[in-house]
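See below for the structure under consideration.
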Amino acid sequence: MRRPKRNRITRRNFVKLVAGAAAVGPFFVSTPNAFASEKTLRVAKWAHFLPDFDEWFINVMAAEWGERNQTRVTVDVIPVEEIRERAFAEVAAGHGHDIFIFPWPPAEYHQHVIDHANIYQRVAAKYGAIQQLAHRSTFNLNNKKYFAFADFWSPSPLHFFQDYWAQVGMPLGPVHYGGLLSGGTRLRDKLGIPCGLAFSPTLEGNVTLHTILYSHRALIFDPGGNLVFNKDVFAAKAVSSIQALFRNAGTPEQLTWGSGGSVGAMLEHKSSAAINAISLLRVAEKQNQDVARKLWLQPPLIGTSGMGVTALPHVTNCSVVWNFAQNQEGAKQFVGDLIDTSRTGYEKSLGVNFPIYPKTVPNIVVRLSKDSQANPPSKYTALKDALHWTPNLGVPGYATPAYMEIFNTFVVPKMVARALQGESAEDAAAAGAAEMQRIIDKWKG
């Protein structure tokens, strides 16, 4: 018997559709000869930085899952900057998708989801215990419930242009934040090229600034979930360091960049360094081989005050099944089955998606050392220890509702903007701490 053809979306049309996903509605990936009694599963997911991954997710992975499970699967691809509000709209309405996939821990929605512990347990029988990164990103310490299921994450290495940094005597790039400041200052003075880290209220700005704070020991919470930001000297010192980097090596555009602004500057060879997922380098490899050849990776910068090499994840891919989902059983099955496709997902994302379960891509270090698209092929070995230098959002504690609201309402980028626009580091840190406390009190009430 001939296998029925799927409704396929060409890559050219797919990229256009993703750009207007909110307007055009869902992608239907069921088979043309679906029966009227066929079950339905509705999925919403954030728009991946590499459209080819979403094309595979919709046209192949979700479509084949639907065929195997006699289910009509629809997928909505939503821009990252719209994810939070779209999810809150569904919660307010009490209906929407069965599965909602976030690029960060969705702790804010813990009251509106099922307990995902059974999904983790089912997967553990095949792939082993949950990693700490996933556990701390999806577990609520108060109600002892897993509010989401994490299947992959994306590290945030330092990207730097070797040709620029070589001109200031640092061909291997900066190693610590002091080197970033001194080398970045000389670079801008000599070549007019700014450092270009993302500081604006975007995902990349959030990850960059939270990484800098943590690397300077400016913790937001202690392990017990108590606010400690600005209770010592580290917060003001971290903000002062950001001020110095901006003043001596930055550009005013850092405060106004929209989503992907720092990526765009790097792709145009107009800035010297960025903290980002490797999707930045992958896009360069596709668009401009000369830029890609000059763009190198290294592990995160060494922190200050005894902090080592560390950077927060650019993405922690977390799926939730709403407690108002109409097809909860199908949704739980789909989410757990994502792990079976981790290896293919890693490949289709060109290595951007690091698996939560290492057994699914056991030869990842070999893959990193022999990348067919990199020049040289060993360029991605900088990521071989990424799991060791990537803590979860919320570190040193868990990704709590309060922490994730602080993250998603851009408290830190707004605090930094005040400091970069003339306010003292001490006053900006105090204002940031006050807003953090307000959010904490709201969640306690």
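The basis for the numbers below is simple: all heavy atoms, side chains too, and nothing from hydrogens, waters or symmetry mates. Please read these numbers as outputs of a predicted model, since none were measured by experiment.
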Cut-off 3.5 Å, no hydrogens considered: what does the side-chain donor-acceptor table look like for residues 389-397, sequence neighbours left out?
unit_1 : atom_1 : unit_2 : atom_2 : d
Trp389 : NE1    : Asp385 : O      : 3.4
Thr390 : OG1    : Ala386 : O      : 2.7
Asn392 : ND2    : Gly397 : O      : 3.1

Hey, can you pull the donor-acceptor pairs under 3.5 Å for the side chains in residues 252-259, sequence neighbours left out?
unit_1 : atom_1 : unit_2 : atom_2 : d
Gln254 : OE1    : Thr251 : N      : 2.8
Gln254 : NE2    : Leu197 : O      : 2.7
Thr256 : OG1    : Glu253 : O      : 3.3

Run the side-chain donor-acceptor check on residues 123-132: report pairs under 3.5 Å with partners two or more places apart or on a different chain.
unit_1 : atom_1 : unit_2 : atom_2 : d
Lys126 : NZ     : Asp340 : OD1    : 3.2
Tyr127 : OH     : Asp340 : OD1    : 2.6
Gln131 : NE2    : Ile356 : O      : 2.8

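Contacts classified as salt bridge (Lys or Arg N to Asp or Glu O under 4.0 Å) and involving residues 218-232 (residues at least two apart or in different chains) are not found. Judged as a side chain to side chain donor-acceptor pair (under 3.5 Å), the pairs with a partner in residues 402-415 (not counting sequence neighbours) are, in order, Glu108-Asn408, His210-Tyr403, Glu405-Lys442, Glu405-Trp443. Among residues at least two apart or in separate chains, side chain to side chain donor-acceptor pair (under 3.5 Å) pairs with a member in residues 319-328 are Glu90-Trp322. Within the structure, salt bridge (Lys or Arg N to Asp or Glu O under 4.0 Å) contacts touching residues 429-438 (residues at least two apart or in different chains) are Glu435-Arg438. Sequence neighbours left out, the pairs with a member in residues 306-333 that pass salt bridge (Lys or Arg N to Asp or Glu O under 4.0 Å) are Glu329-Lys332.
Judged as a side-chain hydrogen bond (donor to acceptor under 3.5 Å, both in side chains), and not counting sequence neighbours, Trp153 has no contacts. Applying the side-chain hydrogen bond (donor to acceptor under 3.5 Å, both in side chains) rule to Lys270 yields the partners Glu268; only residues at least two apart in sequence or on another chain are considered. When the side-chain hydrogen bond (donor to acceptor under 3.5 Å, both in side chains) test is applied to Tyr214, no partner is found at least two apart in sequence or on another chain. Applying the side-chain hydrogen bond (donor to acceptor under 3.5 Å, both in side chains) test to Ser271 and every residue at least two apart in sequence or in another chain returns nothing.
More than 12 non-hydrogen atoms from other residues, nucleotides or ligands lie less than 6.0 angstrom from NZ of Lys379. Summarising the local packing, CZ of Arg367 is surrounded by more than 12 heavy atoms from other residues, nucleotides or ligands at distances under 6.0 Å.
Classified by interplanar angle (parallel below 30°, tilted 30° to 60°, perpendicular above 60°), the ring pair His48/Trp46 is parallel.
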